Amino acid sequence: MFKLLKIEGRARRGQFSCAHGGVVQTPVFMNVGTQAAIKGGVSAFDLREVNCQIELSNTYHLHLRPGDGLIRQMGGLHKFMGWDGPILTDSGGFQVFSLAPLRRIKEEGVYFSSHVDGRKIFMGPEESMQIQSNLGSDIAMAFDECVENPATYEYAKASCERTLRWLERCKREHERLNALPGTINSGQLLFGINQGATFEDLRIWHMEQIAKLDCDGYAIGGLAVGEPTQVMYSIIDAVEPHMPREKPRYLMGVGTPSNIIEAVARGVDFFDCVMPSRNGRHGKLFTWEGTVNILNAKYATDGRPISESCGCPVCKRFSRSYLRHLFKAEETLALRLAVLHNLYFYNELTAKIREALDEGHFQEFRVEYSEKLANRV
RNA sequence: GGGGGAAUUCCAGAGCGGUCAAAUGGGGCAGACUGUAAAUCUGUUGUCACUGACUUCGGUGGUUCGAAUCCACCUUCCCCCA
């Protein structure tokens with residue numbers, strides 16, 4: 001399942017096998033396709049083009065539309081979206097945070113008012129597991145509560161205790177579903193999620209508890225939700241020693257290129273983030289020299305590619321001038337090209353991190369790029 | 001030929017005597033975005049010696065303490081009737 005190949009400091013180079021699509025090389029960035037599509041007009045065959053190893057979709061969103069029953073009927077998520085590589089499904093726990101005005105949390109689970117049509121939806125650990133089973137993803141995430149920052153100690157404590165109880169229920173239900181004859185998701189793995197807001201003692205206590213449940217991997221959730229970056233790093237520093245060494249670690253929803261390098265340096269293996277796709281749609285393009293805001297007037301007659309050092313299909317062919325024109329003219333091609341470039345960059349970023357680890361010079365890599373990538377070009 | 005209407009800051013378009021450097025859109029310029037309610041949101045957009053001053057609302061000349069707003073003429077455009 002997970003094999004550690006090499007360790008440099010706390011940084012880990014590994015391999016992870018999934019039911020679909022073979023082996024994932026880690027550290028890895030998972031490309032986010034919430035509704036079984038990468039926003040900006042990027043499809044499953046484009047994901048191959050940008051060297052995506054593993055795709056991420058969302059339980060809550062696919063349950064609402066088109067419905068997980070429908071996807072199961074259509075042969076499962078892989079077939080439905082035309083992606084034969086590994087898929088991780090997020091549990092809906094993030095929607096407990098992002099759709100806060102539309103939900104009520106109870107011990108049994110969360111009552112949502114659908115943001116699509118207002119209808120009442122209940123999602124608890126069992127429901128989330130059932131939906132992810134129907135979707136047939138390779139990795140299911142436990143149903144958790146992503147707590148907003150800042151949170152009070154009392155709230156964070158009560159919440160992560162409840163998230164622990166939810167994980168116990170997730171585990172039980174996941175095992176039950178996996179054992180059902182004719183299940184679509186045979187071999188589906190389950191990752192537990194660490195919570196505890198910005199309180200180190202809660203984080204550590206929670207991590208120790210969930211580690212006992214012997215999940216297939218462990219995620220750190222509830223970070224990059226408003227706290228300063230240094231706080232995020234210190235939480236990872238505090239939690240990481242308590243994470244099972246031989247299991248993959250996943251830092252959910254993170255982050256900027258330098259966040260990823262810094263988290264790898266702290267022992268994280270998996271990442272996902274909306275940033276390459278969302279910022280791409282908004283004209284912010286990532287390069288090895290820093291970020292390019294392609295909307296800026298200075299690029300109007302710039303005949304260079306987004307980045308001279310990028311080998312992506314967009315940079316091979318199109319100029320900054322053309323990209324900027326497409327954005328200004330509101331051509332949807334602008335979004336597509338920008339997202340393709342950014343995903344290629346993120347996938348290349350983790351590829352370079354792996355290469356540096358393989359060759360034993362990750363620390364040099366980290367020093368060279370952690371700062372540089374935060375520049376503006 | 002006769003009658004009527006309109007000209008506003010990059011564009012469209014409010015304003016109809018002081019609270020107007022002038023609403024609102026659009027465009028321009030810049031910023032934000034971290035398990036996606038986001039092709040979204042925010043700021044800014046006359047000039048400068050910028051908590052103040054100066055020049056602007058087709059042109060010229062008036063009325064008034066005060067005019068984008070009222071009057072006269074001029075210029076241009078639009079509509080209707082011949």
Side-chain angles (χ1 to χ4, degrees), chain A residues 29-42 54-62 64-65 88-103 112-118 121 128 132 137 139-147 149 191-195 217 219-229 231-233 250-260 262-263 268 270-284 286 291 293-300 324 326-339 342 346 374 376:
Chain A
F29 177 77
M30 299 185 280
N31 296 211
V32 180
T34 303
Q35 303 195 81
I38 289 81
K39 291 187 195 295
V42 172
I54 169 169
E55 191 269 350
L56 181 151
S57 290
N58 184 273
T59 298
Y60 172 87
H61 288 284
L62 292 175
L64 283 194
R65 195 165 50 187
L88 178 146
T89 42
D90 186 28
S91 61
F94 185 72
Q95 280 61 47
V96 178
F97 160 78
S98 67
L99 300 176
L102 298 175
R103 54 73 174 151
F112 290 96
S113 300
S114 160
H115 70 279
V116 177
D117 58 10
I121 287 140
S128 181
Q132 295 183 73
S137 56
I139 304 170
M141 295 305 299
F143 187 66
D144 64 332
E145 180 192 356
C146 176
V147 177
N149 270 310
F191 281 19
I193 305 176
N194 172 246
Q195 291 290 349
I220 305 175
L223 291 182
V225 286
E227 81 286 358
T229 305
V231 171
M232 173 170 86
Y233 292 156
Y250 165 24
L251 179 58
M252 305 186 80
V254 174
T256 66
S258 52
N259 288 164
I260 289 174
E262 287 306 305
V268 176
F270 280 61
F271 299 89
D272 81 283
C273 191
V274 139
M275 196 169 274
S277 48
R278 180 184 289 164
N279 285 18
R281 272 178 279 132
H282 299 167
K284 297 289 165 53
F286 294 94
T291 329
N293 182 351
I294 200 66
L295 270 356
N296 287 175
K298 61 182 170 181
Y299 300 122
R324 181 178 131 95
L326 294 178
F327 268 102
K328 288 293 179 183
E330 294 183 66
E331 286 292 344
T332 58
L333 182 59
L335 310 180
R336 176 170 155 74
L337 297 181
V339 173
N342 277 354
Y346 265 68
R376 287 189 190 193

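FYI, side chains are in, hydrogens and waters are out, and symmetry mates aren't considered; it's all heavy atoms of this structure. Below, read A as the first sequence line, B as the second, and so on, with proteins coming before strands; counting in each chain starts at 1. Just so you know, these numbers come straight off a predicted model, no measurement behind them.
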Under 4.0 Å between any heavy atoms, over every strand shown, what does G222(A) touch: base, sugar-phosphate, or nothing? Just pick one. base
May I have the distance from L337(A) (atom CG) to A39(B) (atom C1'), rounded to whole angstrom? 14 Å
What integer number of Å spans the P atoms of A14(B) and G58(B)? 14 Å
For Q195(A), which contact category applies under a 4.0 Å heavy-atom criterion: base, sugar-phosphate, or nothing? base
Measure from the side chain of T34(A), starting at C-beta and using heavy atoms only, and say which of C33(B), A37(B), U36(B) lies closest. U36(B)
For U63(B), the Watson-Crick or wobble partner whose two distances fall under 3.5 Å: none
Between C74(B) and G1(B), how far is it from one P atom to the other, in whole Å? 15 Å
Donor + acceptor pair across side chains of Y250(A), D272(A) (<3.5 Å): yes
Would you mind classifying the nucleic acid contact of I193(A) as base, sugar-phosphate or nothing, using non-hydrogen atoms under 4.0 angstrom? base
Taking the six-membered ring for Trp, does H282(A) stack with U40(B) (centroid gap under 5.5 Å, planes within less than 30°)? yes
Please confirm whether the shortest side-chain N or O distance from R336(A) to OP1 or OP2 of A39(B) is below 4.0 Å. no
Map T332(A) and L223(A) onto RNA chain B by nearest heavy atom, then report which one ends up closer to the 5' terminus. L223(A)
With a 4.0 Å cut-off on heavy atoms, is Q95(A) in touch with a base, just the backbone sugar-phosphate, or nothing at all? sugar-phosphate
Rounded distance in Å - CG (L88(A)) to P (G35(B)): 13 Å
Nearest to the side chain of Y250(A), which nucleotide is it out of U36(B), U34(B), G35(B)? G35(B)
Please state how far atom CE in M232(A) lies from atom C1' in G35(B), giving the value in whole angstrom units. 13 Å
C1' atoms of C16(B) and A6(B), separation to the nearest Å: 14 Å
Under 6.0 Å between the ring centres of Y60(A) and F112(A)? yes
G52(B) versus G59(B) - spacing of their P atoms, nearest Å: 29 Å
Under 4.0 Å, heavy atoms only, any strand: does D272(A) hit a base, just the sugar-phosphate, or nothing? sugar-phosphate
What about N58(A): does its side chain form a donor-acceptor pair under 3.5 Å with the base of G35(B)? no
Write down the atom of F29(A), the atom of P276(A), and the distance for their closest heavy-atom approach. CZ-CG, 3.7 Å
Would you indicate what K328(A) reaches in the nucleic acid, counting non-hydrogen atoms under 4.0 angstrom: base, sugar-phosphate, or nothing? sugar-phosphate
Taking a pair as Watson-Crick or G-U wobble with both distances under 3.5 Å, which nucleotide is matched to G46(B)? C54(B)
Rounded distance in Å - CD (E227(A)) to P (C33(B)): 13 Å
Which heavy-atom pair separates C273(A) from G253(A) by the least distance, and what is that distance? SG-O, 3.5 Å
Can you tell me the pairing partner of A21(B) across any strand shown, Watson-Crick or G-U wobble, with both distances under 3.5 angstrom? none
Side-chain N or O of R281(A) less than 4.0 angstrom from OP1 or OP2 on U40(B)? no
Any donor-acceptor pair under 3.5 Å from Q35(A) side chain to G33(A) backbone: no
Under 3.5 Å: donor-acceptor pair, side chain of D90(A), backbone of L88(A): no
So L102(A), base contact, sugar-phosphate only, or nothing? Heavy-atom distance under 4.0 Å. base
By nearest atom, which of the nucleotides A39(B), U36(B), A37(B) is closest to the L335(A) side chain? A39(B)
Measure CZ/F112(A) against P/U36(B) and give the value in whole Å, please. 12 Å
So what's C77(B) paired with, Watson-Crick or G-U wobble, going by both distances under 3.5 Å? G5(B)
Mind checking if N296(A) touches a base, just sugar-phosphate, or nothing, with heavy atoms under 4.0 Å? sugar-phosphate
Determine which nucleotide pairs with C10(B), using a 3.5 Å limit on both distances of a Watson-Crick or G-U wobble pair. G26(B)
When the C1' atoms of U75(B) and G61(B) are compared, how many Å lie between them, rounded to an integer? 15 Å
Would you say the ring centroid of F94(A) lies under 6.0 angstrom from that of H61(A)? no
Closer than 4.0 Å, any side-chain N/O of K284(A) to the OP1 or OP2 of A32(B)? yes
Taking atom P of G28(B) as reference, at what distance in whole Å does atom CG of L295(A) sit? 9 Å
side-chain contact (heavy atoms from CB on, under 4.5 Å) between E262(A) and T229(A), intermediate numbers included: CA-CA 10 Å; E262(A) 287 306 305; T229(A) 305; over 6 Å; no
Report the nucleotide, chosen from A38(B), C29(B), U34(B), that has the shortest atom-to-atom distance to any side-chain atom of N259(A). U34(B)
Nearest heavy-atom pair of Q95(A) and N58(A): which atoms, and what distance? OE1-ND2, 3.0 Å
Quote, to the nearest angstrom, the P distance that separates U60(B) from U9(B). 16 Å
Separation of the P atoms in A22(B) and U56(B), to the nearest angstrom: 16 Å
Whole-Å distance separating the CG atom of L62(A) from the P atom of G35(B): 16 Å
Check the distance between A39(B)'s C1' and L326(A)'s CG and give it to me in whole angstrom. 13 Å
Please measure how far the C1' atom in U45(B) lies from the corresponding atom in C10(B), and state the result in whole Å. 10 Å
Would you say U34(B) has OP1 or OP2 under 4.0 Å from some side-chain N or O of T256(A)? no
Using a heavy-atom cut-off of under 4.0 Å over every strand shown, decide if R376(A) touches base, sugar-phosphate, or nothing. sugar-phosphate
